[in-house]
Novice: 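Take a look at the following structure, please.
To find a chain, count down the sequence lines: A is the first, B the second, and so on, and within it residues start at 1.
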Amino acid sequence: MKLLYTTSKLGVGERIYQAKRVTQEPRADVPEKIRSISGANKRRHSSGSESEPEEDPSSSEEEEEQEQDPEKSSGSAVNAAEKAEEGVGKAEAEQPPAAPSAPVPQAAPSRAPCQPAVFIPVDRTPEIQEARLKLPILAEEQVVMEAINENPIVIICGETGSGKTTQVPQFLYEAGYASSNSTIGITEPRRVAAVSMSQRVAKEMNLSHREVSYQIRYEGNVTDETKIKFMTDGVLLKEIQKDFLLSKYKVIIIDEAHERSMFTDILIGLLSRIVPLRHKKGLPLKLIIMSATLRVEDFTDNTRLFSVKPPVIQVDARQFPVTVHFNKKTPLDDYSGECFRKVCKIHRMLPAGGILVFLTGQAEVHSLCRRLRKAFPYQKNNSAGGEDDKEDSVEEIRKFKKSRKRRKVLALPKIDLNSYSVVPVDEGDEDRDIDSDDDAAGSDLDLDLGDGDSGEDEKSDSSLPLFVLPLYSLLAPEKQAKVFRSPPAGTRLCVVATNVAETSLTIPGIKYVVDCGKVKRRFYDRITGVSSFRVTWISQASADQRAGRAGRTEPGHCYRLYSSAVFMDFEKFSAPEITKRPVEDLILQMKALNIEKVINFPFPTPPPTEALAAAEELLIALGALKEPPTTGRLKEQLAAKLSCPISPLGRVMATFPVAPRYAKMLALSRQHDCLPYTITIVSAMTVRELFEEFDRPAVSEEEAAQLKGKRARFLQMQKVWAGQGPMQKLGDLMVMLGAVGACEYAGCTRSFCEENGLRYKAMLEIRRLRGQLTTAVNSVCADAGLYVDPKMKPPTEAQVTYLRQIVLAGLGDHLARRIQAEELLDDKWKNAYKTALLEDPVFIHPSSVLFKELPEFVVYQEIVETTKMYMKGVSAVEPEWIPALLPPYCHFGKPLENPPPSYCPGTGRVLCHRPSVFYRVGWQLPAVEVDYPEGIERYKHFARFLLEGKVITELSSYSKCLLSSPLIMLKTW
DNA sequence: GAGCACTGC
């Protein structure tokens, strides 16, 4: 079957203003005349617009658009009234407002929210102006702005390429939403997007980075003059913590809302409440949600979120048509092989244009790269590039030398498109065409290729060089960058990628997409938190997104290695992140915003109740939330569930931008100068994949030897970093600390990382995170005086012990105990550990430095299930620490008589030894000294100590004169 | 004795 992915023609799109259909009627409380001003306020206003505010924008505007002078925007065509306003706008833009020149009619509450009657001129270059006019969204400016002016919340739907991200902020700026010292805020789900969008918009508007700025986790260029601010979604969430009403913004745009990232979802929930609050205060805030797909029901039909349905504006995209070809048969498991065959066919038979293949993981990517390179070898004819591509096999190099003599200029196949029909019919194994009525796609001929093997693909063919590149997130950035450069002359680019290429990275020049239809996802067990990775089918939206990657620069083709029937069985959208992940970090953030009844929060899609309960339970155990009452009426107890308020400790923890378990470690580390070490360990645990992977299969013997050498070197270093003697008990966390310490000591250079098996990018991220955490800790305790020391000394033995205790206090729910010999019933429990929540055995991961040690008690960073359940990031724990540091997880028995209770003169407390068991699993724990439990017995002991003169030492001389021994106080009467 | 996609504070 042949389906058309998108059919809009360049620049001219039919316009749908769904707002008129989807949304509520125009607000009754808005006088007609005021609404019409929004029409008159436009540069290309028509004289009729004042009386015809509902005029269809697509009918009358067309010609005006053609006539429009690029210079117009500099102000020449603005009518007199607007010119007057412009003066105001200019004054505001260039100097602090002398007087509140009320462009925003905040004083009139009965009126439609915020109607800036200003026009801020922008001086764009003619080239920019011309390029802008091609963007479909530009034709919708009036519709968009009218909707925004008249509604507090607007949803804009437009696929990639509609220009909404770059243009809507400019519309708002021109309409005065950045005047009076306020800001237009735009959130992006990725850092690169925030940075690059700010740069592009600054350039388009001919403004400096002081006015169009960005803010991401570690850096930004925001100034007092900033008018348009791009930021990552997490940054805005943090800002809400400081200023709940976001008073410096007049508009917030949430971009890429369809991706449904966790922070985006929370922001939308929060903003749904902030917008009405701001309205009440007479300082209206506009919320614009921008989404690529039509997946907006979660927003529009969610009355808890938005009681009034926000209008939805749909904008066309300037995408080229992509013809979608489905396989007739769906390969059961060898999708990788099917990819190979499909790429071979495309490369042999179809015209020039890059190929992008979607696979699921690194190993698959590398193996397909090898196969393709073997089939269509490409050899560099000049080594001047200096880049040695280690993935080129020895064999290929040998072949290259052989063939050099008869080497001609490499060229792409010049196939006769009309002779395509000579392909045997039985190979045309695809779903047969449903007629595509799109000319643009048809012009590229019928490019169905059929599935299955034609049998000759494996033969090496050096006359058809294919420039094959791998692409995945963990690939070193300099290797990633290769895909953005144009391939060597005479070759065809073929990028074999994971899901990074779906949203995060856009590769230029892709004409063919090969989509295996699968994705590797991380799954979390909602109760135990154990994660695993599974390869699953993608969603329809995801498949369309992948297909769209073929139509960025010209019409393209997408080959789906599954049938249209299978496609129809895909879920429409993948589930929002918030429903699939542990949410303890989010809940802590929300509690810090004093949202106690998290269950009542207007989530666009709420997380499962079990996830909320697990999060609340963990936060209580960490001491971040106040414990709910365990006495009183059952009803009250239930009501208190999931509504615990935050504790002072929780507030401190919420200021640290790391997972709550790690935040707890930071909060504890003031003692014994452990902070710099805890900060480093926490940073290292937060950044993923510190170490290079050497276990991947090698291409050649040479490479195998190289990998072996690197691996040996790394294992050696691992031993060094793990420390000596008792220090080794900090386990994998000691390795992290040692690795980061050594790397920083050496100046955190790329070469040091490469030599020692460290991921350079990870080390840079750790360095920045250490900086951020150091600042955060300093701002909590001003006298800490911390700084990031590149020459940080290793911790002392005593400090390592404290660090182990700190780690235990944070990872209390991640405690595991080794199966004792006498408990060993089944061989599958050999070397195994038991945890509180899991029935099944868990094991220390073989990569752990404690793999052979097998301490009785360990804590782990995470459990990942592969062939077994493996604990990663393991650290050893002394049994007696458990009751002392994790009282919430221990059930204590009666105070022991031996050793006897004692009095602590320093603190004035009555102490005793109590045995305990670990919750749920009932492990016997050593008796430790704790406060004597509340009750009459405690007072009896106190009375005895008082009489003995231990409380007031002066009394000790009298104790002998007492008629009875002070011990009589303990008697039961 | 191993094999992890992607991203934000």
Novice: If the test is salt bridge (Lys or Arg N to Asp or Glu O under 4.0 Å), which one of A/R661, A/R522, A/K872 qualifies with A/E862?
Specialist: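 Going through A/R661, A/R522, A/K872 one by one, the salt bridge (Lys or Arg N to Asp or Glu O under 4.0 Å) with A/E862 is satisfied by A/R522 alone.
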Novice: So if I take every side-chain heavy atom of A/F263 and compare against B/dG1, B/dC9, B/dC6, which nucleotide ends up nearest?
Specialist: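 For A/F263, the side-chain atoms sit closest to B/dC9.
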Novice: In whole Å, what is the span from the CD atom of A/Q241 to the P atom of B/dC9?
Specialist: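 Taking atom P of B/dC9 as the reference, CD of A/Q241 is at 14 Å.
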Novice: Of the candidate nucleotides B/dC4, B/dC9, B/dT7, which contains the atom at the shortest distance from the side chain of A/R581?
Specialist: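 For A/R581, the side-chain atoms sit closest to B/dT7.
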Novice: Think A/K238 has a side-chain N or O under 4.0 angstrom from the OP1 or OP2 of B/dC9?
Specialist: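 For B/dC9, OP1/OP2 do not have a side-chain N/O of A/K238 under 4.0 Å.
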Novice: Calculate the interatomic distance between A/I216 atom CD1 and B/dG8 atom P; express it in whole Å.
Specialist: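 The answer, rounded to whole Å, is 8 Å.
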Novice: Verify, without hydrogens or angle tests, whether A/N221 (side chain) and A/Y214 (backbone) share a donor-acceptor contact under 3.5 angstrom.
Specialist: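 Checked: pair present.
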Novice: Return each pair, listed once, that meets side chain to side chain donor-acceptor pair (under 3.5 Å) where at least one residue sits in residues 841-854 of chain A; pairs must be two or more places apart or across chains.
Specialist: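 Non-adjacent pairs meeting side chain to side chain donor-acceptor pair (under 3.5 Å): A/D732-A/S848, A/H845-A/S847.
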Novice: Does A/Y870 have a side-chain nitrogen or oxygen under 4.0 Å from the phosphate oxygens OP1 or OP2 of B/dA2?
Specialist: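 Yes.
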Novice: If you take any heavy atom closer than 4.0 Å to DNA chain B, which residues from residues 186-194 of chain A end up in contact?
Specialist: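 Output list: A/P189, A/R190, A/R191.
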Novice: Could I get the full list of ring-ring contact (aromatic ring centres under 6.0 Å, His included) partners for A/Y249, not counting sequence neighbours?
Specialist: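 Once residues adjacent in sequence are excluded, A/Y249 has no partner under the ring-ring contact (aromatic ring centres under 6.0 Å, His included) criterion.
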Novice: What nucleotide, of B/dC6, B/dA2, B/dC4, holds the atom closest to the side chain of A/H845?
Specialist: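 Within the option list, the nearest is B/dA2.
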Novice: Closest approach to the side chain of A/S504, judged atom by atom: which nucleotide of B/dG8, B/dA2, B/dC6 is it?
Specialist: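 Nucleotide nearest to A/S504's side chain: B/dC6.
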Novice: Going by the rule side chain to side chain contact (heavy atoms under 4.5 Å, CB included), which residues pair with A/T655 if we only count those two or more places apart in sequence or in a different chain?
Specialist: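 Expected list: A/V780.
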Novice: Which residues pass the ring-ring contact (aromatic ring centres under 6.0 Å, His included) test with A/F843, not counting sequence neighbours?
Specialist: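 In terms of ring-ring contact (aromatic ring centres under 6.0 Å, His included), with neighbours along the sequence ignored, A/F843 is linked to no residue.
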Novice: Of the nucleotides B/dG8, B/dC6, B/dG1, which has the atom closest to the A/F851 side chain?
Specialist: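 In terms of side-chain proximity for A/F851, the closest of B/dG8, B/dC6, B/dG1 is B/dG1.
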Novice: For the side chain of A/R711 and the base of B/dA2, is some donor closer than 3.5 Å to an acceptor across the two?
Specialist: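 Flag set: donor-acceptor pair detected.
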Novice: Applying side chain to side chain contact (heavy atoms under 4.5 Å, CB included), can you list everything that pairs with A/S367, at least two apart in sequence or on another chain?
Specialist: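 Applying side chain to side chain contact (heavy atoms under 4.5 Å, CB included) to A/S367 gives A/R370.
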Novice: Quick one: is A/Q362 getting a side-chain N or O under 4.0 Å of the B/dG3 phosphate, OP1 or OP2?
Specialist: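 Negative; the distance criterion is not met.
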Novice: With a 4.0 Å limit, can you tell me whether A/T503 has a side-chain N or O closer than that to the phosphate oxygens OP1/OP2 of B/dC6?
Specialist: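 No, outside the criterion.
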Novice: Side-chain N or O of A/T866 versus OP1/OP2 of B/dA2: is the shortest distance under 4.0 Å?
Specialist: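 It does not, given that no N or O in the side chain of A/T866 lies less than 4.0 Å from OP1 or OP2 of B/dA2.
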Novice: Taking 4.0 Å as the cut-off, does a side-chain nitrogen or oxygen of A/T498 come that near to OP1 or OP2 on B/dC6?
Specialist: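 Yes, because at least one side-chain N or O of A/T498 sits under 4.0 Å from OP1 or OP2 of B/dC6.
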